[in-house]
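Here the structure comes first, spelled out in structure tokens, and everything after it is commentary.
In the text below, chain A, chain B and the rest are named by the order of the sequence lines, each starting its count at 1.
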There are 2 protein chains.
Amino acid sequence: MSKPAARDRLADAAFALFDERGYEQTTIDDIAERAGVGRTTFFRHYRSKEEVIFPNHDRLLELIRHRLATSSHGTALVAVSDAVRLVLLHYIDEGDLARRRYALTSKVAALRDREIASVARYQRLFREFISDWMGDPTTESASLRAELMAAAVVAAHNHVLRRWLRGESADPVAEVDEAMREVLDLFPGPRSRPGTGDGGSTVVAFRTRQDLDALLPSLRRLIEEGPE
Amino acid sequence: MSKPAARDRLADAAFALFDERGYEQTTIDDIAERAGVGRTTFFRHYRSKEEVIFPNHDRLLELIRHRLATSSHGTALVAVSDAVRLVLLHYIDEGDLARRRYALTSKVAALRDREIASVARYQRLFREFISDWMGDPTTESASLRAELMAAAVVAAHNHVLRRWLRGESADPVAEVDEAMREVLDLFPGPRSRPGTGDGGSTVVAFRTRQDLDALLPSLRRLIEEGPE
DNA sequence: CCCACCGTTGGTACTGAGTACCGTCATTAC
DNA sequence: GTAATGACGGTACTCAGTACCAACGGTGGG
């Protein structure tokens, strides 16, 4: 029974020591000693000191990749939303562990950097997927839009995740769905080319019950494309 | 004359060795030896091995912070665009050095992570600035919008910067201005608070040679504050 | 029952980054 | 001339991470 426990005992010992003395003040020898194993065994289970805190990142990446891969052109945006929800649920499943990690990354700069780097990895997945989905990879503006969209998607996820980690969110799944809706609303279909006008604007008088923001796209389209 | 050269000689030696043997295969002793100084002197000039490649990040952060700080409420978006342009110009000024760094960060994972982490630092600056500018920090949706906008701004910058680094852009400054325009187009101005009035909008007729973006703030203020 | 073969473990030794400290030397100030 | 300052080099140390090896313990075949 002590066989499968070794890995977990190491993680427990690590988190306990990090809480007691802080991350930098804890050596791997300390962790191994408290877990009752040799130093070598530590590195057999975790590639580095940081990996005790961020395990199975690769699995998470694979989860995202898989969800994105199983989608057709028409369901691409659904796949993106699903993948984001998947990541969020992954953290929620971790529960207290995720919160302890958050406490650590908030304090230790090296860990924060590590976290950011791994977030960038799945932002890259989203970017490539969205870029492929948009097609027309020769178009420079499509490339930029894919980048912007991926950045927004990941930012939205992180925003909701952090709120939940801080205990500010009672229903993070609903929030992330709402946030994703907001993100996707930002990106309309293929943009019409700018610069087809004199730069001036003609605004006609009207009254509407719509919010200004809601009708801005139409306004803009009118200006850019002309009233043809 | 060999006095001020020490720091530069170290950087030259480092980059040369990184090119010859690769980053991980180069020890700090190697660098110090080729530069003709002691190992101690290396650490006196650079806090770490990575810092030879990413010097004066702090200065760049300070540059951004300063540009953002010297702006009023009305010129906030101009300040953001300026700050982004500032960062881009910083890299362009570095010229070949920036490209050599890019070649390294493309190959070495540790350096890529480091780069990403420092990008996150100025994304944070933008986020805080935009969040302050949007005001009403209690509103959850404003917070998300600030996060999305900061992410998009930084993504746009990175996109153009990487294009330039790869030699795909002849006029990166024009490109970043265009990209920033596209980003800001994505985001309609600060949401008018719901529940004030009936949510409808009254738009009066006028004609101007100003771009729509330029007069949007006035438009918005009229709507939000009323024509008092 | 013995032995050959595993996989897991712990120990030792090494490299290399980063830190702390100290003695030396040159420049400048007085 | 001398004292103070500051840049430099050297030594010694801690700690993360790697490589290697020797000692187990079980398992299966003979």
Side-chain angles (χ1 to χ4, degrees), chain A residues 1-18 20-55 57-58 101 104-105 107-115 117-118, chain B residues 1-55 57-58 104-105 107-115 117-118:
Chain A
M1 67 181 69
S2 70
K3 284 281 282 305
R7 191 173 207 274
D8 295 333
R9 282 212 316 278
L10 279 167
D12 287 343
F15 271 95
L17 286 168
F18 293 161
E20 291 174 20
R21 327 179 182 173
Y23 178 78
E24 277 116 348
Q25 283 66 40
T26 303
T27 74
I28 290 185
D29 289 282
D30 296 336
I31 301 172
E33 188 187 2
R34 175 168 300 204
V37 299
R39 206 178 91 99
T40 310
T41 302
F42 176 91
F43 283 107
R44 219 166 256 127
H45 288 283
Y46 301 99
R47 280 193 290 254
S48 71
K49 188 177 170 185
E50 293 173 354
E51 226 195 60
V52 192
I53 307 175
F54 306 97
H57 255 152
D58 299 341
R101 182 191 303 127
L104 282 174
T105 54
K107 279 197 220 299
V108 185
L111 298 180
R112 186 167 42 244
D113 290 355
R114 162 80 182 238
E115 168 104 76
S118 52
Chain B
M1 68 181 67
S2 69
K3 286 281 284 305
R7 192 173 206 275
D8 296 333
R9 282 212 316 279
L10 279 167
D12 289 342
F15 272 94
L17 286 168
F18 292 161
D19 286 343
E20 290 174 22
R21 327 180 183 175
Y23 177 77
E24 277 116 347
Q25 283 65 41
T26 303
T27 74
I28 290 184
D29 289 282
D30 296 336
I31 301 172
E33 188 187 2
R34 176 170 296 205
V37 300
R39 204 177 93 99
T40 311
T41 302
F42 176 92
F43 284 106
R44 221 167 254 127
H45 288 283
Y46 301 98
R47 279 193 290 252
S48 72
K49 188 176 170 184
E50 293 173 355
E51 225 195 61
V52 193
I53 307 175
F54 306 97
H57 254 150
D58 299 341
L104 282 174
T105 53
K107 279 196 220 301
V108 185
L111 298 180
R112 186 168 42 244
D113 289 355
R114 163 79 182 238
E115 168 104 75
S118 53

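- Whole-Å rounding puts the Glu51(B) CD to dG18(C) C1' distance at 13 Å.
- Put simply, CG on Asp12(B) and CZ on Arg34(B) are 10.5 Å apart, with the number rounded to the nearest 0.5 Å.
- Position along DNA chain C of the nearest nucleotide to Arg39(A) versus Phe43(B) favours Arg39(A) as the more 5'-ward residue.
- Atom CD of Glu24(B) is separated from atom C1' of dA17(C) by 13 Å (rounded to the nearest Å).
- With distances taken from any side-chain atom of Ile28(A) to the nucleotides dG17(D), dG9(D), dA17(C), the minimum falls on dG17(D).
- Between Ser48(A) and Val37(B), the one whose closest nucleotide on DNA chain D sits nearer the 5' end is Val37(B).
- Side-chain N/O atoms of His45(B) include one lying less than 4.0 angstrom from OP1 or OP2 on dC8(D).
- Mapped onto DNA chain C by nearest heavy atom, Gly36(A) and Thr26(B) fall at different nucleotides, with Gly36(A) at the one closer to the 5' end.
- The residue Thr27(A) sits close only to the backbone: its heavy atoms come under 4.0 Å of sugar-phosphate atoms, none of a base.
- Around atom CD of Glu33(B), no more than 12 heavy atoms belonging to other residues, nucleotides or ligands sit under 6.0 Å away.
- Whole-Å rounding puts the Glu50(B) CD to dA16(D) P distance at 17 Å.
- Glu50(B) CD: more than 12 foreign heavy atoms inside a 6.0 Å radius.
- Under the 3.5 Å distance criterion, the side-chain polar atoms of Arg39(A) are left unmatched by any main-chain donor or acceptor of Asp29(A).
- Taking atom CZ of Phe42(A) as the reference point, atom P of dC15(D) lies 15 Å away to the nearest angstrom.
- Applying the 3.5 Å distance criterion, the base of dG7(C) shares no donor-acceptor pair with the side chain of Arg44(A).
- Across the protein-nucleic acid pair, Arg47(A) atom CZ and dA19(D) atom C1' stand 18 Å apart, rounded to whole Å.
- Between Tyr46(A) atom OH and dA16(D) atom C1' the separation is 17 Å, expressed in whole Å.
- Leu17(A) has its CG atom 13 Å from the P atom of dC15(D), to the nearest Å.
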Are Leu111(B) and Phe54(B) close enough, and set up right, to give a side-chain contact (heavy atoms from CB on, under 4.5 Å), and what steps lead you there?
-> CA-CA 9 Å; Leu111(B) 298 180; Phe54(B) 306 97; 4.1 Å; yes

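- When each of dT12(C), dT9(C), dA16(D) is scored by its nearest atom to the side-chain atoms of Thr40(A), the top-ranked nucleotide is dT12(C).
- Atom CG in Asp29(B) sits about 13 Å away from atom C1' in dG9(D), given to the nearest Å.
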